[in-house]
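Counting begins at 1 with the first residue of the sequence.
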Amino acid sequence: MGKYKYTKLFEPWLLGKALVPNRIVMAPMGALLVTEEGFISERAIKFYEDRAAGGAGLIVIENSCVEWPRGKANIAQTRTDTSKAITGLRALSERVQYYGSLIAAQLQHAGGQTTLERTENTQPYAASAIPMKGKLIPTEMTKDDIAHVIQCFARSAQITKQAGFDCVEIHGAHGYLVSQFLSPVLNHRRDEYGGDAKGRVRFAVELIDAIRKTVGTEFPIIFRFNGSDRVQGGVTVEETRYIARALEEAGVSALSISSGLNSLSRDWVFPIELHPRGCNVEFAYEIKKAVNIPVGVAGRIDSPDYAEEIIREGKADFVVIGRPMIAEPQWGKKAFMGKTDQIRPCLYCNNGCTKHHHNNWRLSCDINVEAGRELEWQIKPNASRSLRLAIVGGGPAGMEAARRARLRGHNVQLFEKEDQLGGQLKIAGIAAHKKRILEYLQYMNREMKRLGVDVHCSTPVTLDLIKKLEIDGLIVATGAVCKPLSDLRVYDERMTRSAWDVFLNGIGTAREVAIIGGGHVGVDLALHLTSSQNPPSVRIIEIQQEILPGAEPGTKMALLRALYERGVEVFTSATAGLSPNKDKVVITSVNGDSTWERPVDLIVGAIGANSYAPPEFSAENLLCPVIYVGDCIKPRGIWEATHEGSYAILQLEMLNNI
């Protein structure tokens, strides 16, 4: 098994004249782990070091700014525009290379895809004066501007090489500056840098030429660009083949294929489970047939088995793994060792990683509490003294607490009143586009067995039971229960059910469904019901001004498009009632201006949950520390559950003077 199973995935390959030990490339992802001034921090080094130790053959660090501050895409972003950055970059390269991995810096200029907050009130410029971030209109670049930015890229490549990096990657995808020149929807220039593909690729070709003159012919250059912009009027496959050949002739060593524009088709930049796995593989294959240099591909490559298949079938030469390597730093190492059942599966939820990045928060992960916090949170085995701990509740918070406790060497008993672990994960994973949640639940069940957690399912817990255990600490992770359906104005006990109940038991013969509540649960249920071959008619009624408030923009874009494509009616700023004979739902706008009637034979409440926290489990009653975690404090999401569950072990250790 192991390396013998994945013979192609762990086959070395040449990047220019540099030998990469395997076909696993860690994707560049804005992590916001550097200092506000853009210099490498110990936190950033530890993040990348762990992924190198975890088996990545090549690590491409996050987008690195070549012109500060005008070219900044993030609040905190690695910079390669000044020799002052070399010390930190060299420390990073040495720590990564120690494990046999190669390291690249992704050179990027935001162009017009930024904000004045990020550019420190410096007016951005772009290929054309097209707004990409709200109402901010960038200035169209003059030829002097173009020449200046080209030299910025060349200077950054030189600094990267001086810092001991093995290569650079040019960010020509997703609507940033280089992509703004390549894309016909973002490049409306009438000079030699616009027009057809030959004109639009000119900026990139001149940029590569300038870098080659600065770093020499043997220093590898990877160029990342879109196989498709995923928007009408965007770059075509025929054009990408032409662009690929032009880049090869200019001296690029390898190509890395992605898709989507952050401003117009962001969901394809960060695909979720609604998108097909390997959503860019066919683009990469078409481009690979046009060039003689290695071609890699990103986009929901969700397992080592699938990565092996892509390479074995000749669709790409290397795979670019992003979010799965946040969730599982040892993705490559575990695949090599034949321990794929121990790979923590990425949920593609875009929460701790992408949403946090969008909100200018440093990187994290819903299911890997250590991601981005390796310095503070990384689990060190064998505490100085083993504690006897009990955990009540086997949902994500309780399971993560048990996992961390066992890794620290504590004795753990985990109690769950249902016949299986999982809590709300069992419900959330039923949705047709959320199967990764069930894979994560299966992984956690395997971890409970592997780590030796003493699990008691079908066991309601009483105060007397806990007292008999003589424990050093208790974690209460009892979760939440559905809000009473009687809270609904439209409630009728004969035809009203909760979203949880419908997920678990289906809708029976109902053909006209009204879902009250447009949060994630209501939207997921609507998509689940309309994924069948003979779907019912579904409408969502939400009292707020929008559905999915606060959702990550790309994820929201994908979900809204899916609702539209499946014919789900959405009513916002609206309330619902029943007609006198109860065969129609009467939908009324909040301001009372409009009223609609739709047939209904099932009303589903997706109005949230209430915390469930048994009051008897207190420190006073048990004479030991008691910590509440997850939804039993306040109904929220997986991120809060897993992080609070993990942190509870640290708290119990401190309270027990460990």
Side-chain angles (χ1 to χ4, degrees), residues 10-28 48 51-52 56-64 66 78 80 85-86 89-90 92-109 150 152-173 178 201 204-225 243-258 284 287-288 290-298 311 316-322 332:
F10 290 99
E11 186 176 77
W13 60 288
L14 284 173
L15 174 58
K17 294 186 178 181
L19 185 67
V20 186
N22 60 51
R23 306 301 176 109
I24 302 170
V25 176
M26 178 179 169
Y48 290 114
R51 274 75 191 165
L58 168 64
I59 287 179
V60 185
I61 71 166
E62 65 184 61
N63 47 337
S64 302
V66 302
T78 301
T80 50
I86 291 177
L89 290 168
R90 182 177 288 119
L92 171 58
S93 65
E94 290 174 353
R95 294 268 283 275
V96 165
Q97 291 161 347
Y98 173 83
Y99 296 94
S101 300
L102 274 61
I103 185 169
Q106 186 190 63
L107 307 185
Q108 181 209 46
H109 194 295
I150 286 172
C152 288
F153 272 93
R155 169 67 172 155
S156 286
Q158 181 184 48
I159 287 170
T160 303
K161 183 179 181 182
Q162 289 174 344
F165 276 58
D166 298 289
C167 52
V168 293
E169 177 178 278
I170 308 305
H171 196 343
V178 181
V201 78
V205 168
E206 291 182 359
L207 186 155
I208 298 300
D209 182 60
I211 291 175
R212 277 276 165 251
K213 289 176 180 176
T214 303
V215 300
T217 58
E218 296 191 359
F219 189 69
I221 301 172
I222 306 169
F223 194 97
R224 192 178 205 198
F225 71 110
I243 290 169
R245 288 191 292 267
L247 294 171
E248 180 181 22
E249 292 173 6
V252 165
S253 311
L255 302 171
S256 180
I257 307 305
S258 186
I287 291 167
K288 180 173 165 56
V291 297
N292 297 305
I293 54 178
V295 176
V297 64
I311 298 167
D317 299 294
F318 58 92
V319 289
V320 184
I321 309 296

* Just do the side chain to side chain contact (heavy atoms under 4.5 Å, CB included) check on V320 and V60 with the steps written out, would you? => CA-CA 9 Å; V320 184; V60 185; over 6 Å; no
* Distance from I211 atom CD1 to R155 atom CZ, nearest 0.5 Å? -> 13.5 Å
* To do: Please name the pair of heavy atoms, one in A250 and one in V205, separated by the smallest distance, quoted to 0.1 Å.
  => CB-CG1, 4.1 Å
* Looking at residues at least two apart in the chain, or sitting in another chain, which of them share a side chain to side chain contact (heavy atoms under 4.5 Å, CB included) with A52? -> I59, V96, Y99, S101
* **Rounded distance [0.5 Å steps], CD in E248 versus CG in N292** => 5.0 Å
* Counting distance only, does the side-chain N/O of E169 pair as donor-acceptor with the main-chain N or O of R224 below 3.5 Å? -> no
* Do V178 and H109 touch side chain to side chain, with heavy atoms closer than 4.5 Å? -> no
* Give, for atom NE2 of H171 and atom CD of E62, the distance between the pair rounded to the nearest 0.5 Å. => 11.5 Å
* Structure fact -> Nearest heavy-atom approach of I61 to A105 is CG1-CA, 3.8 Å
* To do: For D166 and P220, work out which heavy atoms get closest and say how close.
  => O-CD, 3.2 Å
* Asked: L255 and A244: which non-hydrogen atoms are nearest, and at how many Å?
  -> CD1-CB, 3.6 Å
* Asked: Which residues satisfy the side chain to side chain donor-acceptor pair (under 3.5 Å) test with Q162, sequence neighbours excluded?
  -> none
* Asked: How long is the span from the OG atom in S256 to the CZ atom in F225, to the nearest 0.5 Å?
  -> 9.5 Å
* Shortest non-hydrogen contact from L92 toward Y48 -> CD1-CB, 3.9 Å
* Just checking, any donor-acceptor pair under 3.5 angstrom between side chains of Q158 and T214? -> no
* Heavy-atom distance under 4.5 Å between the side chains of I170 and V252, does that happen here? -> no
* Compare every heavy atom of C167 with every heavy atom of T160, then report the nearest pair and how far apart it is. => CG2-O, 4.1 Å
* Residue of the set V215, L107, I222 for which side chain to side chain contact (heavy atoms under 4.5 Å, CB included) holds with V168 -> L107
* Is the shortest heavy-atom distance from the side chain of I24 to the side chain of F318 under 4.5 Å? -> no
* Does T80 reach the main-chain N or O of V66 with its side chain, forming a donor-acceptor pair under 3.5 Å? -> no
* To do: Apply side chain to side chain contact (heavy atoms under 4.5 Å, CB included) to the pair I208 and F153, showing each step before the final yes or no.
  => CA-CA 9 Å; I208 298 300; F153 272 93; over 6 Å; no
* Asked: So, R212 side chain and F219 main chain: donor-acceptor pair closer than 3.5 Å or not?
  -> yes
* Test item: T78 and L89 side chains (from C-beta on) under 4.5 Å apart, heavy atoms -> yes
Donor-acceptor pairs are to be reported for all side-chain atoms of residues 11-18 against protein atoms at under 3.5 Å, with residues two or more places apart or in another chain.
residue: E11; atom: OE1; partner: R23; partner atom: NH2; Å: 2.9
residue: W13; atom: NE1; partner: N22; partner atom: O; Å: 2.8
residue: K17; atom: NZ; partner: E218; partner atom: OE2; Å: 3.2

* **R51 side-chain N/O to M26 backbone N/O, donor-acceptor pair under 3.5 Å** => no
